[in-house]
Amino acid sequence: MIDPWVDVASRLGIPVAILAAVFFAIWKIIQWFGVNVAVPARDRAFHFLDRLEGTVDTIGEQIHEQTKQIKAQTEKADQTTAALKQIEEKLSGVCKGNR
């Protein structure tokens with residue numbers, strides 16, 4: 001690996017050879033960073049988003065079920081309120097008749 005660097009240094013000069021070595025080192029660092037840091041981070045992010053999508057779907061289903069339960073309870077409460085009003089009307093009629 002030394003021979004190409006010696007050839008570059010002899011043909012283009014030492015500063016150009018050093019600059020080429022620095023660029024080569026930077027390229028290798030970027031390549032290493034991409035393989036060892038960026039790709040795993042991207043994969044983890046996609047995995048997280050997949051799990052998050054599943055969680056959001058589950059929450060949506062639960063909200064739908066709770067909404068149905070609340071509507072059913074509201075209907076029962078309305079029926080109970082109507083029944084109590086009827087009882088109150090009957091009791092008030094009975095109480096007026098006893099006076």
Side-chain angles (χ1 to χ4, degrees):
M1 184 163 179
I2 299 296
D3 292 337
W5 294 110
V6 172
D7 184 44
V8 169
S10 66
R11 284 190 301 125
L12 302 174
I14 292 176
V16 174
I18 291 172
L19 184 62
V22 168
F23 283 142
F24 180 75
I26 290 172
W27 176 69
K28 285 302 223 181
I29 289 170
I30 290 171
Q31 188 178 28
W32 177 88
F33 184 81
V35 169
N36 294 309
V37 177
V39 171
R42 181 203 62 197
D43 292 343
R44 284 192 304 269
F46 284 145
H47 179 69
F48 170 75
L49 291 175
D50 289 341
R51 288 180 49 212
L52 182 63
E53 182 180 13
T55 302
V56 169
D57 289 343
T58 302
I59 290 172
E61 292 169 3
Q62 290 175 352
I63 288 173
H64 182 69
E65 287 297 319
Q66 288 176 352
T67 302
K68 288 196 308 189
Q69 290 175 1
I70 289 171
K71 285 181 181 180
Q73 289 175 351
T74 302
E75 288 177 15
K76 287 180 183 179
D78 291 343
Q79 291 171 356
T80 303
T81 302
L84 287 174
K85 284 183 182 180
Q86 288 177 353
I87 292 171
E88 182 182 7
E89 288 171 2
K90 289 180 182 178
L91 286 176
S92 67
V94 170
C95 290
K96 285 181 184 177
N98 287 339
R99 288 186 189 179

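Since the structure is predicted, the reported quantities are computational estimates derived from the model, not experimental observations.
- For CD of Glu88, the number of neighbouring non-hydrogen atoms (other residues, nucleotides, ligands) closer than 6.0 Å is 12 at most.
- Leu49 is not listed as a side-chain neighbour of Glu53, based on a closest heavy-atom distance of 4.5 Å or more.
- Rounded to the nearest 0.5 Å, atoms NE2 (His64) and CD (Gln69) are 11.0 Å apart.
- To the nearest 0.5 angstrom, Trp32 atom CH2 is 9.5 Å from Ile29 atom CD1.
- Between atom CD of residue Glu75 and atom CD of residue Gln79 there is a gap of 7.0 Å, rounded to the nearest 0.5 Å.
- No more than 12 heavy-atom neighbours from other residues, nucleotides or ligands sit within 6.0 angstrom of CD1 on Ile14.
- Rounding to the nearest 0.5 Å gives a distance of 10.5 Å between CD of Glu89 and CD1 of Ile87.
- The line from NZ of Lys71 to CD of Gln66 is 13.5 Å long, rounded to the nearest 0.5 Å.
- The two residues Pro40 and Gly34 make their nearest non-hydrogen contact at CD-O, 4.4 Å.
- Hydrophobic clustering of Ile, Leu, Val, Met, Phe, Trp and Tyr side chains at less than 4.5 Å, counting indirect connections, unites Val22 with Ile30.
- In this structure, Thr55 OG1 and Phe48 CZ are separated by 8.5 Å, a value rounded to the nearest 0.5 Å.
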